[in-house]
Amino acid sequence: MALDKDVLDQLLDTLGRFVREKLVPLEHKVAEDDAIPPEVIAAMREMGLFGLSIPEEYGGLGLSMSDEVQVAFQLGQTSPAFRSLIGTNNGIGSQGIVIDGTEEQKQNYLPRLAAGEIVGAFALTEPESGSDAGSLRTTARRDGDHFILNGTKRYITNAPQAGLFTVFARTDLESRDARGVSAFLVEAGTPGLSLGPIDRKMGQKGAHTCDVIFEDCRVPASAILGGKEGQGFKTAMKVLDRGRLHIGAVCVGLAERLIRDSLSYAMERKQFGQPLAEFQLIQAMLADSRAEAYAARCMVVETARRRDAGQNVNTDAACCKMFSTEMVGRVADRAVQIHGGAGYIADYGIERFYRDVRLFRIYEGTTQIQQLVIARNMIREAA
Ligand SMILES: Cc1cc2nc3c(=O)[nH]c(=O)nc-3n(C[C@H](O)[C@H](O)[C@H](O)COP(=O)(O)OP(=O)(O)OC[C@H]3O[C@@H](n4cnc5c(N)ncnc54)[C@H](O)[C@@H]3O)c2cc1C
């Protein structure tokens, strides 16, 4: 259900001010410290940002997809590490429960996720299975009314802070594909669950990933998401569909921020006696970035609207993710170019965004995987 327009406008207004006045001035510090200050996390909790997409009956804001992308456009205007902190609670770390969880699982976890009391993490990727997620090797062997988990999950966002992991493991030990996979809700602190050291990443400092290791980790059968074995992969795919639109919207916000910064730099900086912005070759870069960001914004808004109307947007959500993440890569590259040497120097922050945005083309399905999704759907529809 969509928020009342006045309430949404108020939320967007408050968020816009929070981003400009509190988050933007902290971008450099967060990257240097590789940590988000606790008072910022508290303010994000206060604003309800951990529960954007969790239904109101479970304590969230219950935003429609159209509302959520408007919020993501705003959050995208600053370092993506801030968005990443609340990203899993709104996306891959909660939506499995929202979409397929039992009522008991919803009651137990969603209010705490919505309030930001616990952070959710989504543990699908493994050392040997990334794009080919259906081939995952983590096992969940039944032992009476329990399952025993063994395996390693890799690059799991927010794992170091997480209180709850949605873990994908093979319950049909004879199977080799996605059909034998189930999803489990495993709480941090469960004996047999441990974390690897925090990964050192190219960008998005302040957001953390690490390995999650299961060694004879015993969980009750009631921990199976939705209570049914063999549904895990279907749940994962449903969750990723929504996440693709969210990521697309974040990339639009980031591109718009970079275009704004590039334009003001080009208007201020003079060479050959005139502002850079007067040179047509610079204008071409600005115009290309503006047109591409606008195209991505329109795609995301339209696909979100159709998803809210109950249409299947699997192909178009993949188009949004692919186009927006590639688009922001080109925009960030042009931003570095427009800034010249300053674009390469850390103090200006542009090179940081250039590194930060690189991730969007890799996680939640690489560009190549989006291409496969789009083309396979096209072929299926035509057949
Ligand atoms: C910072 C970060 C955070 C992450 N957070 C999470 C998380 O929270 N939870 C989680 O489960 N995972 C997470 N991941 C993992 C991420 O989703 C995977 O890295 C991604 O899906 C790609 O898998 P891979 O790294 O194994 O690459 P691979 O699958 O090995 O792919 C390598 C290259 O081959 C290409 N390729 C693979 N298959 C095909 C094909 N059939 N056709 C054409 N090209 C192909 C890929 O597009 C890519 O270019 C995160 C990763 C990073 C870096």
Side-chain angles (χ1 to χ4, degrees), residues 31 34 79-96 113 119-138 149 151-170 177-178 181-186 188 193 195-214 225 232-233 235-244 246-247 250-251 318 321-322 325-326 329 352 355-377 379:
D34 195 12
S79 288
F82 295 114
R83 199 280 326 172
S84 184
L85 179 71
I86 58 128
T88 48
N89 278 38
N90 285 299
I92 56 180
S94 74
Q95 287 304 302
L113 286 165
V119 167
F122 178 86
L124 177 65
T125 304
E126 300 183 353
E128 304 294 330
S129 82
S131 301
D132 184 14
S135 69
L136 62 83
R137 294 181 181 185
T138 295
L149 272 59
T152 297
K153 297 293 179 179
R154 181 133 296 172
Y155 314 138
I156 305 307
T157 299
N158 289 337
Q161 292 82 21
L164 179 68
F165 297 87
T166 303
V167 183
F168 296 83
R170 195 167 291 288
D177 63 13
V181 173
S182 303
F184 290 85
L185 298 172
V186 186
L193 185 164
L195 302 178
I198 291 180
D199 298 318
R200 294 173 59 233
K201 310 196 296 329
M202 175 196 271
Q204 301 213 7
K205 298 282 164 63
H208 302 131
T209 63
C210 70
D211 278 6
V212 183
I213 302 143
F214 298 91
L225 182 56
F233 206 72
T235 301
M237 293 305 109
K238 287 186 219 164
V239 168
L240 291 178
D241 212 23
R242 183 174 182 127
R244 284 170 183 163
H246 179 98
I247 297 283
V250 170
C251 291
K321 206 268 178 185
M322 178 178 81
T325 58
E326 293 283 336
R352 189 185 62 239
R355 287 182 285 108
D356 284 349
V357 303
R358 190 63 184 82
L359 177 59
F360 294 118
R361 290 152 62 186
I362 295 171
Y363 70 1
E364 301 209 22
T366 63
T367 289
Q368 290 70 37
I369 294 304
Q370 307 306 324
Q371 288 173 319
L372 295 183
V373 169
I374 296 164
R376 280 179 191 157
N377 285 350
I379 294 164

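Worth saying up front: this structure is predicted, and the values here are computed from it rather than measured. We count ligands from 1, going down the list as the structure has it; atoms in each ligand are counted the same way.
Atom NZ in Lys201 sits 6.0 Å away from atom NE2 in His208 (nearest 0.5 Å).
Considering backbone and side-chain N/O atoms, Gly365 never comes within less than 3.5 Å of an N/O atom of ligand 1. Residue-to-ligand polar distances place Ser131 within reach of ligand 1: an N/O pair is separated by less than 3.5 Å.
Counting protein heavy atoms only, atom 52 (C) of ligand 1 is closest to Leu359 CD1, 3.7 Å. The nearest protein atom to atom 39 (C) of ligand 1, hydrogens excluded, is given as Ile369 CD1, 4.3 Å; this is a heavy-atom distance. From the protein, the heavy atom lying nearest to atom 9 (N) of ligand 1 is Phe122 O, 2.7 Å. For atom 20 (C) of ligand 1, the closest heavy atom belonging to the protein is Ile362 O, 3.5 Å. Here the heavy atom of the protein found nearest to atom 4 (C) of ligand 1 is Tyr155 O, 2.9 Å. The protein non-hydrogen atom at the shortest distance from atom 18 (C) of ligand 1 is Thr125 OG1, 4.1 Å. Nearest protein heavy-atom contact of atom 26 (O) of ligand 1 is Gly130 CA, 3.1 Å.
Not one N or O on the side chain of Arg137 forms a donor-acceptor pair closer than 3.5 Å with the backbone of Gly151. Lys321 contributes a side-chain N or O that, together with a main-chain N or O of Gly365, makes up a donor-acceptor pair within less than 3.5 Å. Asn158 places no side-chain N or O within donor-acceptor distance of the main-chain N or O of Gly120, the cut-off being under 3.5 Å.
Side-chain contact check for Ile156 versus Thr209: every heavy-atom pair is 4.5 Å or farther apart. Side-chain atoms of Arg83 and His246, non-hydrogen and from C-beta on, do get closer than 4.5 Å to each other. Looking at heavy atoms from C-beta onward, Ile247 lies in side-chain contact with Thr325 at the 4.5 angstrom threshold.
Under a 4.0 Å criterion applied to the non-hydrogen atoms of Ile156, ligand 1 contributes the atoms 7 (C), 8 (O), 9 (N), 10 (C), 11 (O). Heavy-atom contacts of Glu364 reach the following atoms of ligand 1: 17 (O) (cutoff under 4.0 Å). For ligand 1 and Lys201, the ligand atoms under 4.0 Å from any heavy atom of the residue are 1 (C). Atom numbering of ligand 1 starts at 1 in the shown order; those under 4.0 Å from a heavy atom of Gln368 are 43 (C), 44 (N), 46 (C), 47 (O), 49 (O).
Of the listed residues (Leu136, Thr157, Thr366), the one carrying the non-hydrogen atom nearest atom 47 (O) of ligand 1 is Thr366.
Checking atom 32 (C) of ligand 1 against the protein gives no heavy-atom contact under 4.0 Å. Note that atom 15 (C) of ligand 1 has protein non-hydrogen atoms nearby, at separations under 4.0 angstrom.
Listed by first then second residue, pairs satisfying salt bridge (Lys or Arg N to Asp or Glu O under 4.0 Å) with a partner in residues 153-166 read Glu126-Lys153, Arg154-Asp211, not counting sequence neighbours.
Of the listed residues (Phe233, Phe122, Phe184), just one forms a ring pair (Phe, Tyr, Trp, His ring centres under 6.0 Å) with Phe168, and that residue is Phe122.
Contact analysis puts Leu372 in contact with ligand 1, with a non-hydrogen atom separation below 4.0 angstrom. Using a 4.0 Å cutoff on heavy atoms, Ile92 counts as a contact of ligand 1.
Between Arg244 and Glu364 no salt bridge is recorded (no basic side-chain N to carboxylate O distance below 4.0 Å).
If you check the side chains of Ser131 and Gln368, you find no donor sitting under 3.5 Å from an acceptor.
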